[in-house]
Number of protein chains: 2
Amino acid sequence: MGLRETKMERTRRFIADTAFDLFVAHGYDGTTIEQIAAAAEVGTRTLYRYYASKEALVVSFVENGLNAAMEAFEAQSDETPLSEALYAVIDSVEQTITANQARLLALYEIFDRTTGLRAGLADLDWSWRQKLAQQILRRPEAEGNALFAALVAANTMNVIEVVVHTWAASGGGVKIADITRESLELLRTKPIPVPAPAG
Amino acid sequence: MGLRETKMERTRRFIADTAFDLFVAHGYDGTTIEQIAAAAEVGTRTLYRYYASKEALVVSFVENGLNAAMEAFEAQSDETPLSEALYAVIDSVEQTITANQARLLALYEIFDRTTGLRAGLADLDWSWRQKLAQQILRRPEAEGNALFAALVAANTMNVIEVVVHTWAASGGGVKIADITRESLELLRTKPIPVPAPAG
DNA sequence: CTGCCACTTGGCAGTGACTGTCAAGTGACA
DNA sequence: TGTCACTTGACAGTCACTGCCAAGTGGCAG
């Protein structure tokens, strides 16, 4: 990697970190792009070359964690049972969160304070359901059933979402590993009722 | 209802309908708020008193359908089994879509063409998971377990989402009732694998 | 080491979404 | 019919975001 790329990578990180700090200090809406650019010592025009939008600055942190999770899933061989491969996804998320608790709690506080930001998160979640569904569809257990793959993917993302949300809502007071175990145990022992007409 | 409220309600509808037509004709990004306001014969400032944002204009259509679904759920008595009550939700969505096929297909085409709009939809979806979870939590079957309620709510919204998305992707070629039946059948006969560690 | 090329940078002007404010218009009601 | 509360629309202003262009800088061949 040349000097140029190194420098750009450093700039990229620095911008996001600077933005994060400002968001924590003054809130998302209370921070302008100009302020972030000034604090990161770049022009606003340059900032936009690194991040497509103000939202992207925040979402990038979550995105990194999901990238790791997706890689963990793809690393599983086809021989591994689907349930086990899916666990790798959950496990990866759990590890990411455990390793960055303070940071992520602050991040979720920003999300909570800023209703408009939820959309960005939800959008990320949506696109990841699509990606995960595609991956699952490739697995033998899916038997080529796209509907099944989509449902499994959605269900897995649900668990992650519910767990992370519960964790964040507890202010990090509850161990994420406990919530995860409880959720999975629940799914195993108390089956989710499937909507069905009377009779 | 007085004349004033009637008039306002009419204006509200007219604005959304006008916006919808313009979006279909020129695309979401290709339509400015000023154009919508002009076509709806109101000032832009007035338009913003009816709809909080440009996005809200589009999302309102989906929101109406979800409102009906939530009411259908709340109308179920506590004696009704949860699976049956949840079916009422699915059924309501199915009916809404069946009754407005052409309109909704056009709507989803707008969503597809405009990546930035997905966020708004996803956000709506997210807030509805919360609301539905709260409702489910009140039911006896939930036994006060918030985690369970959240998982059930998420699962139900998944079904709706997957079904509607599949339907929209087929361009309305497949009957929504068929996709629904197939999805529910799938969930009943081929259980979703729960992530579990090896062993 | 030097000069050239490709790429990065940042300023500037412009668009469009959105908001606060205020004066004018209009339904509701005594 | 007059008064009051509410609705309306215009205007100015903020801010996210973009196209464009000139200046700066790393990479590389000579």
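FYI, side chains are in, hydrogens and waters are out, and symmetry mates aren't considered; it's all heavy atoms of this structure. Chain identifiers are assigned alphabetically (A, B, ...) following the order of the sequence lines, protein sequences preceding nucleic acid strands; residue numbering begins at 1 within each chain.
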Using atom OH of Tyr28(A) as one end and atom C1' of dC15(D) as the other, report the distance to the nearest whole Å. 11 Å
Given dT8(C), is OP1 or OP2 found less than 4.0 Å from the side-chain N or O atoms of Lys7(A)? no
Whole angstrom is fine here: how far is it from CD1 in Ile36(A) over to P in dC15(D)? 12 Å
Interatomic distance, Leu47(A) CG vs dC17(D) P [rounded to whole Å]: 10 Å
Check every strand shown and say whether Tyr50(A) touches a base, only sugar-phosphate, or nothing at a heavy-atom separation below 4.0 Å. sugar-phosphate
Ignoring the backbone of Met8(A), work out which of dG26(D), dT9(C), dT18(D) is nearest its side chain. dT9(C)
For a salt bridge (Lys or Arg N to Asp or Glu O under 4.0 Å) check, start with the C-alpha distance between Glu161(B) and Arg129(B), then their side-chain angles and the critical distance, and finish with the verdict. CA-CA 11 Å; Glu161(B) 218 171 75; Arg129(B) 276 163 202 254; 3.5 Å; yes
Figure out the CG/P separation between Leu22(B) and dA17(C), and round it to whole Å. 12 Å
Does a nitrogen or oxygen in the side chain of Lys54(B) sit under 4.0 Å from OP1 or OP2 of dG16(C)? no
Candidates dA17(C), dT18(D), dC15(D) - which lies nearest the side chain of Tyr48(A): dT18(D)
In whole angstrom, what separates Glu5(B)'s CD from dA5(D)'s P? 17 Å
Examine Arg139(A) relative to Phe73(A) and say whether NZ or CZ is less than 6.0 Å from the centre of the six-membered ring and inside a 45° cone about the ring axis. yes
Please pick, from dG9(D), dC21(D), dT18(D), the nucleotide with the shortest atom-to-atom distance to any side-chain atom of Arg45(A). dT18(D)
Check every strand shown and say whether Thr11(A) touches a base, only sugar-phosphate, or nothing at a heavy-atom separation below 4.0 Å. nothing
Mind calculating the distance between CZ (Arg49(B)) and P (dT8(D)) to the nearest angstrom? 7 Å
Return the value, rounded to whole Å, for the distance between atom CD of Glu55(A) and atom C1' of dC17(D). 13 Å
Could Arg12(A) and Tyr51(A) be counted as a cation-pi pair, given that NZ or CZ must be under 6.0 Å from the ring centre and within 45° of the axis? yes
Could you tell me whether the side chain of Arg4(A) has a donor or acceptor atom within less than 3.5 Å of a complementary atom in the base of dT8(C)? no
When you measure from the centre of the six-membered ring of Phe20(A), is the NZ or CZ of Arg103(A) under 6.0 Å away and within 45° of the axis? yes
Have a look at Thr44(A) and say if it touches a base, only the backbone sugar-phosphate, or nothing, with a 4.0 Å heavy-atom cut-off. nothing
Expressed as a whole number of angstroms, how long is the span from Gln35(A):CD to dT14(D):C1'? 12 Å
Between CG of Asp29(A) and CD1 of Ile110(A), what distance do you get to the nearest 0.5 Å? 11.0 Å
Is any side-chain nitrogen or oxygen of Thr46(B) closer than 4.0 Å to OP1 or OP2 of dG9(D)? yes
